[in-house]
Amino acid sequence: MASILLGASTSLFTSDDLSLVTSLIAHGQTHLFDGWSSSSLSENDSSSSSSSSNKLSLMAQLRVLDDAYPGGLVAYITNAQRLLSESRLGTNPLEGYTPSVPSGEALPWGSEKFEQFEERGFQHAASGKVAFVLVAGGLGERLGYSGIKVKLPYDTAREAAFLQLYCEHIAAYTSSYATTSTSASPKKTKHKTTSPFAIMTSDDTHAQTLNLLERNEYFGLGRDNITLVKQEKVACLADNDAKLALEDNNRWSVQTKPHGHGDVHMLMHSSGLLDEWERRGIEHVVFFQDTNALVFRAVPAAIGVSLANDFEVNSLAVPRRAKEAIGAITRLTPAQGSKNRAMTINVEYNQLDPLLRASGGAFKDGDMNDKNTGYSPFPGNINQLVFRLAEYRRTLQRTHGVIAEFINPKYTDGTKTAFKKPTRLECMMQDYPKSLGPEAKVGFTTITPNLAAYSPVKNSVAEAQAKFAKGDPTHSATSGELDVYASHCAALRLVGCSVGSPMSVTFLGMERLALPPRISFAPSFAPSLGHLRSKLPAPRQVAISARSSFVLEGHCENVILESLELDGALHISVHHPRCRLVIRCGLVQNAGWHWTPLEELEGAETSTSPVTEEEAMRGFRVHRTETARYEFFHGGRYVLE
Ligand code: UTP
């Protein structure tokens with residue numbers, strides 16, 4: 001069939017190419033090869049954008065797309081045709097399911113129960129039984145940052161990138177840390193173990209991620225310990241028949257778009273990483289996303305919950321208000337006699353209300369808050385997941401990591417016959433439980449408040465302002481940074497320190513934002529709440545005023561904060577891993593640092609020092625007027641008095 005259409009071009013291609021062409025023609029893709037019957041590479045076509053764009057380049061791209069998708073392009077097109085038909089007919093994938101609240105733990109941050117789970121989970125990770133996976137292939141279009149998202153500093157006090165923070169957290173498990181939450185001094189394990197870390201990138205983020213790691217010596221985690229796996233994009237579809245869409249300005253190239261973070265499962269399988277991790281004795285895998293600086297506050301407790309409940313899949317969750325635009329972790333039970341399976345899964349917020357109403361019974365009024373708690377009984381999904389490796393690996397061997405896909409075409413009108421622009425299949429990592437049997441133990445861990453787990457940086461200034469006007473969380477660079485400080489302040493208060501109340505500020509026109517004391521500690525100081533307790537033997541002797549800034553960074557494993565009265569800015573850097581430092585300060589007072597709204601900057605200042613992209617995203621500039629600055633370069637015992 002291929003040779004009839006390709007005519008004299010046939011000789012340009014290998015037999016494998018020709019069999020791919022034959023399959024594509026059989027699946028409605030004849031348009032790709034229109035006008036190919038002559039032997040030349042690109043004749044009769046003036047739209048070619050360069051001499052390297054021609055029949056050969058298109059064929060090479062088709063082969064890449066064919067190789068990257070399980071079952072090849074034919075499987076992709078067949079799946080797309082089925083999903084497009086369901087979309088046109090308005091099929092409801094949740095039809096017939098009865099929703100209920102799944103099993104899980106709700107843990108107030110700092111409660112005894114929280115710290116018990118945290119300690120258990122931390123010890124598990126510290127003994128080398130946990131691997132970490134960051135999905136960082138997203139374009140970040142909503143944020144609109146010119147670099148990759150993980151390169152963005154998560155706060156301005158430390159100015160460390162998100163990726164540095166994640167590596168530091170993983171290194172903290174890796175280091176000789178192991179402590180009981182209430183012991184007065186951290187107890188050390190005898191051996192050092194290294195937690196493996198995989199990062200999923202895409203063509204949009206790969207080179208920059210690698211470059212960031214290389215330039216920073218893998219942030220202390222070691223090159224051998226970090227593996228980058230790259231997801232490929234998938235072909236766009238031009239119409240309801242799933243015809244592959246060619247670029248508008250280049251008929252020798254198929255339009256492609258990201259397939260979604262669900263690709264991570266396929267890559268975990270195909271990369272062989274899971275086999276290697278199992279050989280190394282890894283028992284759990286933690287998945288997290290690119291710009292949530294708070295996630296590791298909750299990770300140890302979530303691992304502890306997984307262990308205690310024997311969860312095969314555990315979704316880290318936050319309390320969810322009824323109708324809030326955040327997915328809900330839901331148990332779905334099919335009607336008796338249905339061929340569908342029961343599962344615990346994320347249900348998108350716009351699907352939850354109709355599903356609950358249709359089910360009648362206790363939820364007949366739809367997505368409502370519980371009268372006692374003031375929250376929806378369904379936990380809010382934040383897409384940070386803990387999987388048990390053994391079952392995960394077995395499932396992927398069966399499914400090859402293929403995740404249930406969906407399609408979201410934007411139609412030109414109600415007839416649903418044409419799209420506004422080409423669409424594509426997508427998949428989400430949280431849909432993995434759809435691959436499991438009804439007996440799989442899938443649960444959740446909700447940590448309250450959000451400050452203990454979740455404050456993503458996703459939205460541009462304009463989107464943040466619009467969300468702010470509606471009273472919704474802004475999930476912006478501004479809120480992400482303020483929440484880092486708020487979370488540190490809350491942790492210090494939980495263990496008994498005195499910390500000043502936030503000041504009320506206006507950034508980017510968003511009024512009455514809470515600017516807490518700017519406290520930012522490297523994870524090596526206290527990677528868990530239990531460690532923070534052990535690092536502050538006399539918390540009542542630590543007082544930090546509202547206008548203060550306090551940064552503690554570097555190798556802080558052996559730093560003890562005994563006493564401090566801070567009213568200004570204190571910045572301590574420990575450069576040597578065997579530096580033992582006791583902070584035993586009286587009053588540290590100076591002019592400190594100021595978070596100045598951009599609107600208040602003088603013209604003279606901005607002409608010599610223009611507003612940076614990062615400042616513009618946050619709405620302020622930090623003026624470091626006066627700082628008590630201490631750096632420790634050598635091993636030994638020191639007391640800062
Ligand atoms: P987001 O929902 O934030 O999407 O992804 P995004 O693509 O990064 O940003 P927008 O929508 O363009 O603004 C959640 C997580 O999933 C990763 C992101 O990097 C982020 O950590 N992701 C997303 C991938 O790894 N691959 C994808 O194809 C999409």
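Numbering of ligands and ligand atoms starts at 1, following listing order. Not measured: the values here are computed from a predicted model.
Annotation: Gly260 places an N or O atom under 3.5 Å from an N or O atom of ligand 1; distance criterion only.
Of the protein's non-hydrogen atoms, the one nearest atom 26 (N) of ligand 1 is Gln231 OE1, 2.6 Å. Ranking protein heavy atoms by distance to atom 23 (C) of ligand 1, first place goes to Gly138 CA, 3.6 Å. Among protein heavy atoms, atom 12 (O) of ligand 1 sits closest to Glu141 N, 2.7 Å. Of the protein's non-hydrogen atoms, the one nearest atom 18 (C) of ligand 1 is Asp290 OD2, 3.4 Å. For atom 2 (O) of ligand 1, the nearest protein heavy atom (residue, atom name, distance) is Arg142 NH2, 3.1 Å. Protein heavy atom nearest atom 5 (O) of ligand 1, with residue, atom name and distance: His261 CD2, 4.1 Å. Of all protein heavy atoms, the one lying nearest to atom 21 (O) of ligand 1 is Val135 O, 2.6 Å.
Close contacts between ligand 1 and Gln289 involve ligand atoms 14 (C), 15 (C), 21 (O) [criterion: under 4.0 Å to a heavy atom]. If you number the atoms of ligand 1 from 1 as listed, the ones under 4.0 Å from a heavy atom of Pro258 come out as 28 (O).
Evaluated by nearest non-hydrogen atom to atom 25 (O) of ligand 1, the leading choice among Gly137, Cys427, Pro456 is Gly137.
In this structure, Gly140 counts as a contact residue of ligand 1, since one of its heavy atoms falls inside 4.0 Å of the ligand. The shortest heavy-atom distance from Lys149 to ligand 1 is under 4.0 Å.
Judged purely by distance below 3.5 Å, without hydrogens or angles, the side chains of Asn225 and Thr194 never pair a donor atom with an acceptor atom. Judged purely by distance below 3.5 Å, without hydrogens or angles, the side chains of Gln81 and His27 never pair a donor atom with an acceptor atom. Judged purely by distance below 3.5 Å, without hydrogens or angles, the side chains of Tyr154 and Gln164 never pair a donor atom with an acceptor atom.
Note on ring orientation: taking the six-membered ring where Trp is involved, the planes of Tyr392 and Phe387 are perpendicular (angle over 60°, cut-offs 30° and 60°). Between Phe288 and Tyr166, the two ring planes are perpendicular [angle over 60°; tilted spans 30° to 60°].
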Step by step, work out the side-chain contact (heavy atoms from CB on, under 4.5 Å) result for Lys233 and Asp204. CA-CA 10 Å; Lys233 289 183 181 169; Asp204 299 310; 3.3 Å; yes
Under the side-chain contact (heavy atoms from CB on, under 4.5 Å) criterion, do Asp275 and Arg393 qualify, and how do the steps go? CA-CA 8 Å; Asp275 301 337; Arg393 186 169 153 267; 2.6 Å; yes
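Using a 4.0 Å cut-off between heavy atoms, Lys458 contacts ligand 1 through its side chain alone, with no backbone atom that close.
For the pair Tyr69/Leu425, a side-chain contact is recorded, criterion being any heavy-atom separation below 4.5 Å from C-beta on.
The backbone N or O of Thr612 sits nowhere less than 3.5 Å from a side-chain atom of Glu614 that would complete a donor-acceptor pair.
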